[in-house]
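Below is one structure, written out as structure tokens, with a few remarks after it.
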Amino acid sequence: NEKIEKGESNHSIRKLHILPLEFQEKITDTRYIIYIKRNPKAVCVSSFFYFRFPGDNQLVGKKIPSFNPIEILKWMKRRFIFSKYVKEFVSTGVAPFGTMDEHISQWKEFAKNSDISFYEVEYEKLLDNTEEELTKILVHLGLPYEKSELTAAVEQEDFANRKKEIAQTNEENLTFGKAFNTRFLRSGTHDDWKNYLTDKQAAFLDAHFTIDIDIED
């Protein structure tokens with residue numbers, strides 16, 4: 001990153017959530033795409049907190065947070081909002097990214113017909129075996145690396161370290177503000193969805209997202 005920022009590298013890195021059509025209109029010099037796929041149940045919960053509800057996570061969880069009547073009423077309201085969102089996530093998705101199955105199927109088709117080199121990685125594996133998965137990515141990209149550099153990068157971008165960094169950074173130095181960045185780094189685990197989705201909701205999402213989500217063929 002430091003070399004890229006100083007103009008000392010021929011590479012640049014872009015993180016995108018857009019659909020292939022918009023990608024083709026905006027970016028024309030890409031050689032590689034790393035497609036990160038994630039459990040739809042986790043995406044649903046994460047996108048809910050990112051786009052729809054910036055408040056107290058406990059008031060959305062499956063369990064009633066307290067026996068205080070006011071808190072119970074708040075919890076019931078937020079659970080209703082969340083339940084409604086789960087259905088919207090399947091039917092309409094999140095603008096402007098479309099539904100998750102649209103996103104996956106369109107990128108799958110794009111990968112088949114594009115000269116761009118695609119590499120697919122699972123979000124959950126990136127969390128559980130970060131250095132191993134990053135090593136595979138770097139080998140695929142043909143980029144030289146030192147083991148010590150890889151370890152240092154992983155430690156620097158560790159979830160807890162990133163949260164600490166944001167907490168210690170002045171508000172004016174964060175592009176979207178401290179509250180937004182704190183909300184962005186909400187959980188850091190891949191099974192947090194279990195705290196919010198009921199068994200019925202989880203089964204509903206599992207039943208819908210039956211599409212083959214492998215990009216590579």
Side-chain angles (χ1 to χ4, degrees), residues 15-19 34-66 71-108 120-130 132-134 137 154 157-164 166-167 176 179-215:
K15 177 186 174 184
L16 305 167
H17 297 281
I18 59 180
L19 291 168
I34 310 299
Y35 190 95
I36 303 176
K37 64 181 182 182
R38 189 179 182 187
N39 186 329
K41 296 187 288 288
V43 176
C44 178
V45 172
S46 178
S47 63
F48 172 77
F49 283 109
Y50 188 84
F51 292 107
R52 296 293 176 83
F53 186 76
D56 189 344
N57 293 0
Q58 288 187 335
L59 293 177
V60 186
K62 290 188 295 185
K63 298 179 180 179
I64 300 175
S66 72
E71 293 297 301
I72 292 176
L73 288 173
K74 289 181 180 179
W75 175 79
M76 290 174 64
K77 179 180 179 181
R78 281 143 177 83
R79 283 301 297 177
F80 172 77
I81 295 172
F82 177 71
S83 297
K84 184 179 178 183
Y85 179 81
V86 172
K87 295 177 182 178
E88 291 176 356
F89 179 77
V90 168
S91 62
T92 59
V94 179
F97 312 120
T99 63
M100 191 168 179
D101 48 0
E102 286 175 341
H103 197 280
I104 294 168
S105 61
Q106 288 185 33
W107 275 110
K108 182 179 179 69
E120 180 187 284
V121 63
E122 294 181 18
Y123 177 86
E124 290 76 16
K125 287 184 178 179
L126 276 175
L127 286 181
D128 293 339
N129 306 294
T130 308
E132 178 183 342
E133 293 301 317
L134 286 179
I137 291 173
V154 172
E157 297 302 318
D158 176 76
F159 188 82
N161 289 338
R162 294 290 289 119
K163 290 199 76 169
K164 187 185 298 183
I166 287 174
F176 297 106
F180 179 90
N181 282 273
T182 300
R183 177 157 55 99
F184 181 74
L185 293 174
R186 187 181 56 82
S187 170
T189 62
H190 56 67
D191 58 355
D192 183 57
W193 60 266
K194 296 178 181 179
N195 295 317
Y196 303 97
L197 292 171
T198 63
D199 292 342
K200 184 177 180 179
Q201 289 169 333
F204 170 71
L205 291 172
D206 284 338
H208 180 78
F209 293 107
T210 56
I211 186 172
D212 172 16
I213 62 175
D214 288 332
I215 292 294

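Because the structure is a prediction, the values reported are computed rather than measured. Both backbone and side-chain heavy atoms feed into the values below; hydrogens, waters and symmetry mates do not.
- Rounded to the nearest 0.5 Å, atoms CD1 (Ile137) and CG (Leu126) are 5.5 Å apart.
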Going through the checks in order, is the side chain to side chain contact (heavy atoms under 4.5 Å, CB included) test met by His190 and Asn39? CA-CA 8 Å; His190 56 67; Asn39 186 329; over 6 Å; no

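- Shown here for Phe209 and Met100, the closest heavy-atom pair between the two residues is CE2-CB, 3.5 Å.
- Here the CZ atom belonging to Arg79 is positioned 15.5 Å from the NZ atom belonging to Lys84, to the nearest 0.5 angstrom.
- In summary, the aromatic rings of Phe53 and Phe82 are positioned with their centroids too far apart to meet the 6.0 Å limit.
- Taken to the nearest 0.5 Å, the CD atom of Glu124 stands 11.0 Å off from the CD atom of Glu133.
- Between Leu59 and Glu71, some side-chain heavy-atom pair lies under the 4.5 Å cut-off.
- Inter-residue side-chain proximity for Tyr35 and Val121 is flagged as unmet; no heavy-atom pair is nearer than 4.5 Å.
- Note that CG of Asn195 and CH2 of Trp193 are 10.0 Å apart. Values are rounded to the nearest 0.5 Å.
- Distance CD/Glu88 to OG/Ser83: 11.0 Å, rounded to 0.5 Å.
- When side chains are defined from C-beta on, His103 counts as touching Leu19, because their heavy atoms get closer than 4.5 Å.
- Arg38 and Glu122 are not joined by a salt bridge, as no carboxylate oxygen comes within less than 4.0 angstrom of a charged side-chain nitrogen.
- Ring-plane geometry between Tyr196 and Phe49 is classed as perpendicular, the angle between the planes exceeding 60 degrees on a 0 to 90 degree scale with a lower cut at 30.
- Of all heavy-atom pairs between Trp107 and Ile18, the closest is NE1-O, 3.1 Å.
- Side-chain contact between Val43 and Tyr123 is absent, with no heavy atoms from C-beta onward closer than 4.5 Å.
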Could you walk me through whether Trp75 and Val60 satisfy the side chain to side chain contact (heavy atoms under 4.5 Å, CB included) test, starting with their C-alpha distance in whole Å, then the side-chain angles of each, then the deciding distance to 0.1 Å, before giving a yes or no? CA-CA 6 Å; Trp75 175 79; Val60 186; over 6 Å; no

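- Considering every non-hydrogen atom in both Cys44 and Tyr85, the closest pair reads O-CE2, 3.3 Å.
- Using cut-offs of 30° and 60° for the angle between ring planes, the Phe97 and Phe51 rings count as tilted.
- Atom CG of residue Asp158 and atom NZ of residue Lys164 lie 9.0 Å apart, to the nearest 0.5 angstrom.
- The nearest pair of heavy atoms linking Lys62 to Leu197 is CD-O, 3.1 Å.
- When all heavy atoms are compared, the tightest approach of Thr99 to Ser91 is CG2-O, 3.8 Å.
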